[in-house]
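Okay, structure first, notes after.
Just so you know, these numbers come straight off a predicted model, no measurement behind them. Numbering of ligands and ligand atoms starts at 1, following listing order.
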Amino acid sequence: MRYHALMSRRIVIFDTTLRDGEQSPGASMNTEEKLIIARQLLRLGVDVIEAGFPASSPGDFESVRAVAAEVGDKAVVCALARAIPADIEKAAEALVGAQRPRLHTGIGVSAIHLRGKLHINSEQAIERAVSAVKRARTFTDDVQFYAEDAGRSDPDLLARMFAAVIAAGATTLCAPDTTGFSLPADYGALITYVREHTPGIENVVLAAHCHNDLGMATASTIAGIAAGVGQVECTINGLGERAGNAALEEVVMALRLHGAELDVTTSIETTELTRASRLVSQITGIKVQPNKAVVGANAFVHASGIHQDGVLKKRTTYEILDPVEVGLNPDAIVLSARSGHAALRARLETLGLAPNEADEKGFDQIYERFLTLADRKKEVYDEDLEALMAEYDRTQNALWALATLQVSCGVPLIATATVVLTDQGGSERLASATGTGPIDAAYKAVDAILQVDCDLKEYVVQAITRGIDALGEVTVRVEAPDGRIFTGRGADGDIIVSSTKAYLNALNRMLCAG
Ligand code: MN
């Protein structure tokens, strides 16, 4: 490894979990969920948060507005718009409250996109690009331009389009490998070509945005950095359209390890990576594969005897990254039923999860829930506390709460569930139902009480920690008759209980939305 005494280039980390990441099938998030993720992105120290595509839906518009208000001056907040006046105006309107607004507009540049999708020639594309950037500049001085499908474009046309939008006022230029087509070396060569053939490129920031269709998103992004890009676009857990985007945690840790050779640094607080990954997985219901780089459950687990022996003698024999650096704390305090109020509060404060000081009654309820969990589970880890607090937040002010759930099932029994729900006034309603299994029976009993019409579209269960006593967390998606999707979550040691809580959470949200 070579070390440079001179100042390294600081790479701008542009997170698009809330925009491209949300385009992952089944990952749609509501405003409140996007705000929770935005807060974690701030803890991570990302430079730019792409908060959404305001013209795509009223919900996205509202989310961009809410994220802009939440972020303040702590990061740039970016909104996406196609090179269409109405899109740009919607994006600008959503960014009105942003202290550091960025408008992100663009148009296709590859022959396939121009002919097959836009039905225009390259000169018309450049004209539209220029007028979109000029329009965006009337709203903010920070305008990013993307040339869609740059990875499959004619480099000369790309350079001409970039030169034209620089002259029109774009300040960041992105050359996305929208389809994940490029080999890393070719992507790097494209960036080099653009840097050498675009008049004015030295006055703007060039950005990489790579998709993972061939599993090369991180590699191409790093190749882009080696070739001189100043900004990289990525998502937590590599979420995104189709096979996803470059994973933020992978790019950041690759730069942590190889930054000296590349002469670059980032502003990311890497110890927040694990928490960010868990949070995004929990909110979207998209599980992280165990062998995923950096944040997978097995990323630091050594199974072979030879490796275990090596790691015990010297950790670095088989570990290139330090788990502590990504936020995994091997010496973390484990709470138990013997832990008192003070210990629980101190741990929640460390995790940034403690309730408002004034909310003493709330804290008593949290402690009660903690004791119930600790009795069942013996050792309560940070992940369990995160799930417990998320469950507490979900059940505060819920229209309906689960009071009783009783099921009988097995072979050859007919699965039967009895459910009691209480409303906010405390009055109870009871129903029983049979089903193909205990969860189906419980859901039918809930349906019988609430009398709502909806379709269960997705059901995912995941264990929060290892072991037979681990909390099971369930995510469901239900579709209302008007096509709107509502996500619900529930966590409990009993997965039939967590399943029922998750379903009830989704229906509560549907009923609140009216
Ligand atoms: Mn993309």
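Judged as a ring-ring contact (aromatic ring centres under 6.0 Å, His included), and not counting sequence neighbours, Tyr187 has no contacts.
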What side-chain donor-acceptor pairs closer than 3.5 Å can you find for residues 247-254, not counting sequence neighbours?
residue	atom	partner	partner atom	Å
Glu249	OE1	Asn237	N	3.1
Glu249	OE2	Asn237	N	3.2
Glu249	OE2	Lys292	NZ	2.9
Glu250	OE1	Thr218	OG1	2.7
Glu250	OE2	Lys292	NZ	2.6

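Protein atoms of type N, O or S found under 2.8 Å from the Mn ion (ligand 1) total 3.
Of the candidates Glu50, Glu233, Glu241, Glu50 is the only one forming a salt bridge (charged side-chain N to carboxylate O under 4.0 Å, His left out) with Arg19.
Side-chain atoms of Thr265 do not come within 3.5 Å of backbone N or O of Ser8 as any donor-acceptor pair.
Heavy atoms of other residues, nucleotides or ligands lying less than 6.0 angstrom from OH of Tyr193 number more than 12.
Every pair passing salt bridge (Lys or Arg N to Asp or Glu O under 4.0 Å) that includes a residue from residues 98-108 is listed here, sequence neighbours excluded: Arg102-Asp142.
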